[in-house]
Amino acid sequence: MHALSFLGGRLRPHRRLLTAAALVAVLFRLLPLQVPILAGALIDGLNGRGASIWGWPLPSETPAAAVQLAGAILSALALATGLAAYLARQLSSRLSRGLNRELRECVFQAWQETSIGFQRAQGAIRFSTDILPRTRAVGRLAADSIVEGLAAAARLVYPALMLLLLDPVLALIPLAALPLQALLTRIAQQRESRFADEVQEAAAIRKRAFREAVEGTETIQALNAQPVVRDHLLRADEEVEEIRDQASGFSRVLTGAAWSLAALGLALSWWVGGTRVAAGETTIGHLVTFAGFAALLGLPLRRFTTLSRRTNRGLRDLGRVRRFLENAAADQGRRGKAGTPPQFGAIELRGVSFRPGGAEVLKEACATVPAGEFIWLRGPSGCGKSSLLRLIAGLDLPDEGTVLLQGQNLNACPAEAIRQLITLVPQSPSVFTGTLASNLRLADPEATVEAMEAACALAGLAPLLSSLGGRLDTLVGEQGIRLSAGEAQRLAIARALLRRPRVLLLDEPTAPLDEEAELRLLETLGSLTPAMTVVMTAHQVRSLSRIDRVLEVCDGRIMEWPATLRLAQTERRERECPSS
């Protein structure tokens, strides 16, 4: 019921389009059902028997006149059916696309506004291969369950009514088989549904395994592990197919039995009806009309079976999307929405504890980063440096304690306001398929060529641009494969500088750089202060001349190193005032 109410909420703004699509789909399904009436009238007209179409008598003078009129009506019916088919597809497609686009946009926005911890728990691969594809369920449900469902219902009810109008007694034969046929079909569908979740879970595991095998090709080949990985993939694929076969085996028997009943009802209708024609109790045309509707009677059941299966699968998919959105909303609810945008000032951590995945990384950590200083944040691998930067950037939320900027709790501020002031360059920054310019303009879509070139010069990308003839429209390859690790790092820094943040956070920016490039980068970062606060993590740095303060993360706490700070100040004075 939750999934149905969620679907109703998504459909509400599209009521008019949904109604129009349903009406045209019903018309499309009903128009061809007039053929048995026309065929029966045509046969009786050819035999010189008094024939009529929908109560209108056909010309009885000559068979040719009856044929011409029936043929003209059949031609008009064919044209109307074609037009209705086009409009039905067009309206259903428009409805489905609109609903899918809106839900995908909603899911994308929810994902982007959640914390890194939430995204880590959900898994980026699972989001892209499991949650995001399920957003198409809302369009399928609208087009299949509602539009096509109403059309199928009309196609079932109309032949049943016509059979009762034509011959109530004879109609009992095909109608009697209908409930048993529906029951067998329903049992087959329920059996398949019991396996549906298991099939989807196995298919998701298979998809992840294939994706990891493709992305990890280099590692697999380096380890000569191709046979192991191949066997693993084949087992995953076989498991999916085995579950599907178990789900469909019994249903195939039931489906065959259901259609045998439908065929038996049609055969009995011809048998009994033919006996009546031989006895002169009815006409051949009347029998053809009756048998035509009897043949059409069972067809919608197969459609209902397909629609029901799709509806159940769609509701499950939509339920997963709804639960994701609810969990994302709960995560977003941890952050304030209406706080005053923070201003440039000192960053302060008060009793911050952080336990991603249950493991305690920071424990009641306290520290102050004065505004406009260049800070080196050091510590061993896994001590929590990267986590600390994400907390300051507002990408993660502390489990306890607060992070403040100029005395204002960042957790109470809208994420958009925080990201206007604070920018983080992660240790492994993403470079997107496209050009240098398209990657830079992620930070500022309106950036001019001059602004991008200036940012690249500051980040140390001038040699790369020079080698490319200064062309910012140079393609970087898929995921930046044409760039070295150092070039990708400097591109990410240039992208961050284009945002003109007041606080710049860099996670291990010197790791892929040689000594000369590192010294240039440290000089550049130091020149950004005091207009900007710069916090940089690194295991070691080759020069302390530009660094104002050194903080170290140790055992979940943050300590300042005055001795290191004095050393940095002494080195800076020696550089600025060399002895003669």
Side-chain angles (χ1 to χ4, degrees), residues 100 104 107-108 111 116-137 140 188 191-253 306 309-310 312-314 316-321 323-324 356-359 381-382 386 426-434 475-489 508 511-512:
N100 292 340
R104 275 198 305 271
V107 169
F108 265 128
W111 174 263
I116 297 297
F118 175 86
Q119 296 180 10
R120 187 166 48 243
Q122 290 286 323
I125 292 179
R126 181 189 173 202
F127 173 76
S128 61
T129 62
D130 184 31
I131 300 298
L132 201 56
R134 294 178 191 270
T135 57
R136 298 186 62 190
R140 289 197 303 265
R191 182 176 176 84
E192 287 187 358
S193 297
R194 284 199 296 270
F195 286 89
D197 290 334
E198 192 175 348
V199 169
Q200 284 193 351
E201 185 65 27
I205 293 173
R206 179 181 63 177
K207 186 180 294 185
R208 286 196 296 270
F210 272 89
R211 182 184 180 94
E212 290 172 356
V214 171
E215 293 178 347
T217 297
E218 184 177 0
T219 300
I220 294 169
Q221 291 183 355
L223 295 172
N224 198 28
Q226 296 95 319
V228 176
V229 175
R230 183 177 62 249
D231 291 344
H232 174 67
L233 295 178
L234 289 174
R235 284 196 302 272
D237 191 63
E238 182 63 27
E239 183 180 353
V240 175
E241 297 307 319
E242 184 177 346
I243 296 172
R244 284 178 174 166
D245 188 66
Q246 291 176 1
S248 61
F250 183 65
S251 67
R252 286 194 292 266
V253 176
T306 303
R309 189 186 302 113
R310 291 181 182 176
N312 289 333
R313 183 171 64 244
R316 286 194 300 270
D317 289 347
L318 206 59
R320 293 284 289 274
V321 174
R323 288 191 294 273
F324 166 81
S381 297
S386 299
Q427 183 174 354
S428 299
S430 296
V431 178
F432 299 92
T433 305
L475 293 171
V476 298
E478 186 175 353
Q479 297 180 347
I481 196 172
R482 296 180 61 185
L483 302 179
S484 67
E487 289 168 343
Q489 186 77 42
E508 299 284 353

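- Relative orientation of the Phe127 and Phe108 rings is perpendicular, given thresholds of 30° and 60° on the angle between their planes.
- The minimum heavy-atom distance between Asp237 and Arg206, with the atom names listed, is OD1-NH1, 2.6 Å.
- Under a 4.0 Å N-O distance rule, the pair Asp130/Arg134 qualifies as a salt bridge.
- Considering NZ of Lys207 and OG of Ser128, their distance stands at 9.0 Å, rounded to 0.5 Å.
- Checked by atom type and distance alone, the side chain of Arg482 pairs as donor or acceptor with a backbone atom of Leu475 at under 3.5 Å.
- Across all their heavy atoms, Ala137 and Gly314 have their closest contact at CB-O, 3.5 Å.
- Taking CG of Asp317 as the reference point, atom CZ of Arg310 lies at 13.0 Å (rounded to 0.5 Å).
- In the displayed structure, Leu234 atom CG is contacted under 6.0 Å by more than 12 heavy atoms of other residues, nucleotides or ligands.
- Closest non-hydrogen pair, Gln119 versus Trp111, comes out as NE2-O, 2.7 Å.
- Arg140 CZ to Thr135 OG1: the interatomic distance, rounded to the nearest 0.5 Å, is 8.5 Å.
- To the nearest 0.5 Å, atoms CD (Gln427) and CD (Gln489) are separated by 8.0 Å.
- Rounded to the nearest 0.5 angstrom, Glu238 CD and Leu233 CG are separated by 13.5 Å.
- Residues Val229 and Ala213 come closest through the heavy atom pair CG1-CB, 3.9 Å.
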